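Since the structure comes first, as structure tokens, the remarks are kept for the end.
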Amino acid sequence: MEQQIAALKKPRKTKHLLTVVLLLILFYASSYNTKAYIEDLISGLPNMQSILVKMASPDWSYFEPIITPVLDTIRMAFIGTLLGAILSIPVAFLAANNLFGKWVTIPARFILNIIRAIPELLIAALFVAIFGMGMIPGILAIAFFSMGIISKLLYESIETIDPGPLEAMTAVGSKKLVWIRFAVIPQVLASFTSYVLYTFEINVRAAAILGYVGAGGIGINYERVMGFLEYQKLSTIVFAMFVVVVIIDWISTKLRERLV
Amino acid sequence: MKIVDVQKPKTPVKQRLIRWGSVSIFVLICIWAFASMPNIEIKDTAAETSRAIIDGILHPDWAYVYTGDGEDLTFLMIETLAIAFLGTFISIVFCIPFSIWAAKNIVRWKIFSGAGKVVLSLVRTIPELVMALLFVKVVGPGAFCGVLALGLHSIGMLGKLNSEEIEKIDMGPVEAMSAAGSNRMKSFWFAVVPQVVPQFLSLALYRFEINVRSATILGIAGAGGIGAPMIFAMHGRDWDRVGIILLGIIIMVTLIDFISGRIRRKLV
């Protein structure tokens, strides 16, 4: 009863105040560090305006040349997600603590955390250095990155499955692989598919910039167009990618709604 | 006797059709995706380069951590964090009106909130890197342009997530307040805001985590932070420099994720 009353009381104000003060200090420190002067922004506004005016009238003749790169981007995202999804399955099993012991799960998670900490563009740049320019490094970078995301989501959902079937199968003495096939997979298949679709949505956006470091897709066009300051063409690309992303998000959301 | 011989119930025709239909669509997409793939040709130097990269990562250039001239890892990492923090801060402030605009249970006309959603997703479509390139033309190269790029891009993402959060709330308190005769402003402040603040903060923190990652690459576009030295080191094949930067990024991102994860767990 006393606990309930304590919970009903307002939290102490000093804590909130301290948080706000801390945030303001951080705000001030980081504006100082990044030399964020509002005057710079105001004096840059005429430039901004001229860019926006140019962007407001897209160059539709540029639509045809970018169809192939846009499709390449989707392709890269698709193949990368597929590879990543396949790779993520064993890793997720190894990281789930209701399937394996601490000695397996902790290193597996450690590796996953490292993978997720590296930005995709850097992975792509490294792969470009190794394999040369083209779609291959892009696909590999996406696969690597997707593996990180899907494995994390998957092992978390493996850990929440119903232990009943697991115990039943252990009781009849099944092998580990059979055990996983019949007691774990049926329980996580729907959420796995949903995570893969979700990752695909993310990857389509991510694939759009990988070309910037030479890893194929529409990013190459982004770089070229920005290099020549062709803002009309830039907005054509943005528009095309917008349409693609909206369609893919819509399909994927519909599919995910059916799955869950 | 085999146990497997138990008769399985037959799946209904419709379900089987859906299953086979989706499998064949999936196969068709796979064929489309793999068919026009370029031939996999691995450069002769691939093995050598990967060995050099691994060697560099295993033997990072420790001297780069701190040199004191404002071009070292520590300084640039702090700058990267500052870019991410300020970018997130700006987007938190500016996404509020957008998320209200795009929430269909607050705005009276559906077309209006739909338009808000379209604007937000248009903003999200422009990659941060391209925004950084645009802002380089506006405020000149430097960290501030990274801040603006992250801020603007995050408005798109945070605005969308927050508007969905607003749509999920319990409308009871809002109706009760308007029944008691309060104006829209007041019922928003006392019935909507308290319901969304924790999720709102949690999403903002999550966005901060993402922005820390993004800020590490924006330097490629001239927007400050660790990105530019990283890409220079890569072009110069200075792999031990790449190694130390990569290590720095991994440590920073992991640390930020850990702290922010802790705070988020407390919030919700």
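Every chain is numbered from 1 and lettered A, B, ... according to where its sequence line falls, protein lines coming before strand lines. Please read these numbers as outputs of a predicted model, since none were measured by experiment.
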remark   = Distance col, row A/L126:CG vs B/M230:CE, nearest 0.5 angstrom, shows 5.5 Å
inquiry  = Quick check for you: among A/D40, A/D72, A/I118, A/L122, which has the greatest number of heavy-atom pairs under 4.5 Å with chain B?
reply    = A/L122
message = Working note: B/M234 + A/V128, criterion side-chain contact (heavy atoms from CB on, under 4.5 Å); need CA distance, chi angles, decisive distance, verdict.
response = CA-CA 10 Å; B/M234 272 188 185; A/V128 167; over 6 Å; no
ask   = Given a strict heavy-atom distance threshold of 4.5 Å, which part of A/V244 is in contact with chain B: side chain, backbone, both, or neither?
value = neither
ask   = Quick one: what part of A/M76 sits under 4.5 Å from any heavy atom of chain B, side chain, backbone, both or neither?
value = neither
inquiry  = For B/L255, which atoms come within 4.5 Å of any heavy atom of chain A: side chain, backbone, both, or neither?
reply    = neither
query = Side chain, backbone, both or neither: which part of A/L71 has an atom under 4.5 Å from a heavy atom of chain B?
reply = both
key: Approximate separation, where rounding is to 0.5 Å, of A/N33 CG and B/I83 CD1   = 8.0 Å
task = Specify the closest pair of heavy atoms between B/F85 and A/S30, including all atoms of both residues, with the distance to one decimal.
result = CD2-OG, 3.2 Å
inquiry  = Using heavy-atom distances under 4.5 Å, tell me whether B/V118 contacts chain A through its side chain, its backbone, both, or neither.
reply    = both
inquiry  = Contact between A/Y231 and B/L134 at the side-chain level, heavy atoms closer than 4.5 Å - yes or no?
reply    = yes
key: Point-to-point distance, once rounded to the nearest 0.5 Å, from CG of B/L246 to CD1 of A/I114   = 9.5 Å
Interchain contact, B/W32 with chain A, by part (heavy-atom threshold 4.5 Å) = both
inquiry  = Please report the interatomic distance CG(A/N47) to CZ(B/F135), rounded to the nearest 0.5 Å.
reply    = 12.0 Å
query = Taking all non-hydrogen atoms of both residues, which atom of A/I79 and which atom of B/A33 are closest, and how far apart?
reply = CD1-O, 3.6 Å
inquiry  = Is B/T216 in contact with chain A via its backbone, its side chain, both, or neither, using a 4.5 Å heavy-atom distance?
reply    = side chain
message = Which atoms of B/C145 are under 4.5 Å from chain A, going by heavy atoms: the side chain, the backbone, both sets, or neither?
response = neither
ask   = Is there side-chain contact between B/K137 and A/L229, with at least one heavy-atom pair below 4.5 Å?
value = yes
key: Nearest-0.5 Å distance that lies between atom CZ in A/R116 and atom CD1 in B/I250   = 12.0 Å
message = Quick check on B/Y206: does its OH atom have over 12 non-hydrogen neighbours (other residues, nucleotides or ligands) under 6.0 Å away?
response = no
remark   = Between A/A117 and B/I249, the two heavy atoms sitting closest are O-CG2, 4.0 Å
query = What are the two closest non-hydrogen atoms of B/V138 and A/L45, and how far apart are they?
reply = CG1-N, 4.5 Å
message = Please classify the contact of A/L23 with chain B as side chain, backbone, both or neither, using a heavy-atom distance under 4.5 Å.
response = both
key: Donor-acceptor under 3.5 Å (B/R213 side chain, A/E120 main chain)   = no
message = Assess the residue pair A/L41 and B/F144 against the criterion (side-chain contact (heavy atoms from CB on, under 4.5 Å)); give the C-alpha distance rounded to whole Å, side-chain angles, the decisive distance to 0.1 Å, and a yes or no.
response = CA-CA 9 Å; A/L41 185 61; B/F144 188 34; 4.1 Å; yes
Inter-residue atom distance A/M241.CE - B/L122.CG, 0.5 Å rounding = 13.0 Å
Under 4.5 Å from any heavy atom of chain A - which part of B/I53 = side chain
query = Which region of B/I29, side chain (C-beta onward) or backbone (N, CA, C, O), has a non-hydrogen atom less than 4.5 Å from a non-hydrogen atom of chain A, or is it both or neither?
reply = both
inquiry  = Can you tell me which portion of A/Y212 sits under 4.5 Å from chain B's heavy atoms? Options are side chain, backbone, both or neither.
reply    = side chain
query = Does any heavy atom of chain B fall under 4.5 Å from the side chain of A/F78, the backbone, both, or neither of them?
reply = side chain
request  = Check step by step if side-chain contact (heavy atoms from CB on, under 4.5 Å) holds for A/L82 and B/C30.
outcome  = CA-CA 9 Å; A/L82 202 64; B/C30 282; 4.1 Å; yes
inquiry  = For a side-chain contact (heavy atoms from CB on, under 4.5 Å) check, start with the C-alpha distance between B/R124 and A/R205, then their side-chain angles and the critical distance, and finish with the verdict.
reply    = CA-CA 9 Å; B/R124 266 179 298 151; A/R205 290 168 214 266; 4.2 Å; yes
